[in-house]
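The next block holds one structure in the form of structure tokens; read it before the comments.
Every number for a ligand or one of its atoms is a count from 1 in the order of the listing.
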Amino acid sequence: MSEIPKAYEPGKTEKKLYDFWLKQGYFTPKIDPDKKPFVIIMPPPNVTGELHLGHALTATLEDIMVRWHRMKGEPSLWLPGTDHAGIATQVVIEQQLAKQRQTKKEIGREKFEKLIWEWADKSREDIRCQHQLLGASCDWTREKFTLDEGPSKAVRTAFVCLYNKGLIYRGERMINWCPRCQTALSDLEVVHKDVMGHLYYVLYPLTESEGFVTVATTRPETFLGDTAVAVNPEDERYKNLVGKSVTLPVIDKEIPIIADDVVAASFGTGALKITPAHDSTDFEIAQKHGLPLVNIMNPDATMNENTGPYQGLERFACRDRVLVDLKDRNLLEKIEPYSHSIGHCYRCQTMVEPRVSLQWFVQTQPLAKAAIGAVKDGRIKIIPERFSKIYFDWMENIKDWNISRQLWWGHRIPVWYCQECGKLTVSVDAPLVCTHCGSKQIIQDPDVLDTWFSSALWTHSTLGWPEETDDFRYFYPGSVMGTGYDILFFWVARMIMMGLEDTGEIPFHTVYLNGLIRDENGEKMSKLRGNVINPAEAISKYGVDALRFALTTGTSPGNDINLGTDKLESSRNFANKLWNATRFILQSLNEEVLEAQAIPILLEQPQRIEDQWINSQLNRLIKDVVELMQDFQFGEAEQEIHDFVWSKFCDWYIEIAKIRLRGQLTPSPLSFLVNTLEKSLRLLHPFMPFITEELWQSLKMKLLPPDVTRGRSDTMTMSASIVIAPYPLADERSFAPEAERVLDSVIEIVRSIRNARTQYNVRPTRWIEARVYADELLSGLITQANIMETLAKVRPLTILGRQKREPTNDKALVLVLKEVEVVLPLAGMVDRLAEEQRLAKESDEIKGRIAQIEDRLRDNAFLSKAPSQVIEREKQKLATLEDKLTRLHKELTQLDSPSAGS
Ligand SMILES: [Zn+2]
Ligand SMILES: [Zn+2]
């Protein structure tokens with residue numbers, strides 16, 4: 001039988017294995033009413049383009065959970081899908097059109113939608129491939145897209161239900177408007193950035209008398225939409241002006257001075273200009289005082305017909321003109337620098353314009369109340385817990401949600417307006433006539449819904465809701481919702497609200513929030529910084545398993561992850577270490593051994609201490625790992641498996657086993673090698689699915705070759721794939737504290753002797769003498785003498801009871817360890833000549849450098865030209881070198897008569 005290749009080449013195995021898994025249908029769970037399913041609905045990536053590391057992280061964590069539950073025998077569903085991502089995708093296509101000097105209006109809605117569909121279909125295909133590349137064990141037979149018929153019907157149904165309950169309404173409200181996208185945005189879709197701007201002090205002349213009221217504003221051009229000036233009623237400066245009026249310059253418009261206690265007398269001049277159509281605070285004040293709204297802008301943020309001479313100017317050009325005009329009239333008192341926060345569109349970064357507009361809203365407070373309850377009473381658990389507080393804060397102060405978007409890409413609002421009676425028909429299926437008057441003259445609302453509206457239904461719309469499908473009955477509610485903490489409000493909170501509203505049940509039991517990925521210095525990854533790691537590139541360079549391992553190991557929920565090439569490299573090294581260990585074990589399992597041995601994978605009770613030790617350590621590991629996984633500490637579980645495999649198994653047990661195999665000593669360690677390897681592979685499978693399957697299959701091939709019938713195959717079975725093999729269970733009867741105590745001591749002794757050898761520059765091939773003095777561990781350590789001899793390169797090795805310890809006359813190094821003392825006679829250890837030569841060589845070098853500096857400091861040309869700091873630095877260098885030379889000489893004399901030891 002051919003052996004496995006010498007080096008692990010991930011590229012050669014990954015695709016082959018994934019195809020094998022797909023073909024076997026492992027990722028498609030069967031509905032089994034006797035078993036509780038494990039369900040994750042994948043956060044659908046946007047069809048805007050390539051997956052980034054954040055997607056890879058979420059996908060890896062979810063795959064870890066799903067693979068683990070699948071191995072535990074639960075029907076495990078991971079339902080994949082993609083999001084049409086309304087505004088984000090539309091912006092991408094608009095930018096592509098712009099490159100060809102076209103706009104969406106020029107090509108028309110139909111053609112534009114066709115273009116987006118082509119893009120989306122291609123994107124979905126890419127996203128599917130990228131997930132498969134990552135090893136994601138999704139059920140592709142159930143894949144969904146937010147614009148599929150099922151999820152679309154769910155969207156219309158949810159809208160109609162909310163509307164009928166009075167929880168969706170249409171109204172004129174202050175909204176955030178993106179002038180570039182020309183759509184309304186919800187509050188969450190606005191990114192606030194601190195911008196350095198100015199505070200302009202503008203004089204408004206009083207109408208009936210001499211004098212002015214000064215207002216301070218960051219946006220002087222909005223004076224065109226002012227409908228009042230407001231002051232605090234307690235403000236002495238303005239008491240006699242309340243009820244009077246000012247006249248707006250340039251457009252000569254009279255507006256009243258009103259009093260309202262929301263005005264802070266301390267801000268600016270204490271007089272606040274009120275622009276109700278373009279500021280949300282002003283809007284509220286205007287509502288209270290019955291002030292008119294004057295909209296001064298077109299949808300593209302140019303000035304409209306209400307702005308007199310400024311009509312047609314772009315908003316910032318208008319500001320410049322306004323400032324000139326005010327200056328000309330001596331109405332600009334002063335300008336101060338001023339830093340303030342300005343909202344930007346989260347998709348195109350354009351400065352948003354607060355604007356009063358007729359839009360559709362969800363009244364969220366009643367929905368939020370139920371959603372708060374579900375987390376408060378523990379039906380839904382948020383991991384890490386600290387995010388619960390953030391969740392409550394937001395939910396308790398939630399505002400109505402603007403859900404209509406003036407876009408072309410998305411779910412059309414299921415509302416039809418009657419041209420005859422003017423009433424609305426709100427319906428899941430497109431109506432033929434107005435339900436109020438029967439007129440055929442009905443027109444559907446041209447707007448689409450916020451993309452997050454369909455995302456909010458994702459947990460149930462993907463399973464067939466509103467139909468009572470088998471999938472919906474069996475798989476809803478889901479188990480875990482895993483996603484980045486950055487979309488807790490955008491998405492998670494809304495899923496909880498809508499899940500409860502639509503189905504009466506929570507949509508999932510656990511919210512698992514992962515952190516964001518930063519570079520190795522903790523900086524945010526961005527194209528501008530040039531520190532972005534592309535997942536596809538990382539995969540082709542290091543392999544999928546290494547990428548998955550680097551992304552998740554040693555991390556904890558909710559904390560950001562620093563990732564650099566170092567971590568990727570060490571993850572690849574780990575994969576290689578595992579590969580090499582398996583290769584060694586497979587090579588040791590030659591035909592002769594297999595014929596002669598009992599079934600290696602079936603454990604006999606370990607007789608030897610080191611076998612008891614590895615078995616005990618393995619079972620302790622399994623116990624820890626399972627507990628950590630149950631606690632969602634996947635990064636920690638992975639770290640423990642890594643440490644066990646790397647150190648205890650590969651660095652110690654396999655090295656010990658090699659000594660025994662070389663000496664053909666009985667009992668053979670082979671069954672323990674095989675058992676530990678096989679269980680380690682299963683433990684590691686959810687984290688590193690490809691290499692574990694490849695190695696596990698090779699092991700299976702060796703133990704149970706399909707073409708050979710041996711006695712042993714009657715009593716042992718291995719499943720067709722590690723994917724469906726059971727996750728290991730700990731056997732606490734294997735815990736062996738005494739054996740662990742002995743082996744801990746063996747490892748400590750070997751390590752300390754190795755350190756001493758390095759410290760004293762003992763050649764690796766040289767044998768040195770060692771004496772070990774112990775009490776309780778004496779008999780145990782004696783069984784390990786052969787191992788310690790080989791691993792520490794000590795001979796003769798004497799292991800004695802402490803009472804036998806005699807004062808030594810010769811110079812010796814004494815290592816005082818946890819339970820034993822190790823005595824290393826120096827005479828045999830240090831190659832005195834070599835050490836003398838090394839020290840002498842080093843002191844010669846130093847003498848040379850000292851001479852150079854002394855020459856320099858005697859050179860008058862140097863001394864006269866060089867700055868005093870340079871001379872000072874040279875003198876310091878000299879002092880340091882002289883000190884080192886003294887210490888080297890001391891070492892040399894000590895070699896002649898060593899003083900270390902007892
Ligand atoms: Zn925008
Ligand atoms: Zn009608």
Between Gln359 and Ser357, a side-chain donor and acceptor under 3.5 Å: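 There is such a pair between these side chains.
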
Would you call [X] and [Y] a salt bridge, using N to O less than 4.0 angstrom?
| X | Y | result |
| --- | --- | --- |
| Glu94 | Arg180 | yes |
| Arg156 | Glu149 | yes |
| Lys122 | Glu125 | no |
| Glu221 | Arg321 | no |

Inside 2.8 Å of the Zn ion (ligand 2) but strictly below it, how many protein N/O/S atoms are present?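 Excluding waters, the total comes to 4.
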
More than 12 heavy atoms from other groups under 6.0 Å of NZ on Lys99: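 Incorrect, the count does not exceed 12.
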
Degrees at the Zn ion (ligand 1) between the SG atom of Cys348 and the SG atom of Cys345, nearest 10°: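 Result: 110°, to 10°.
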
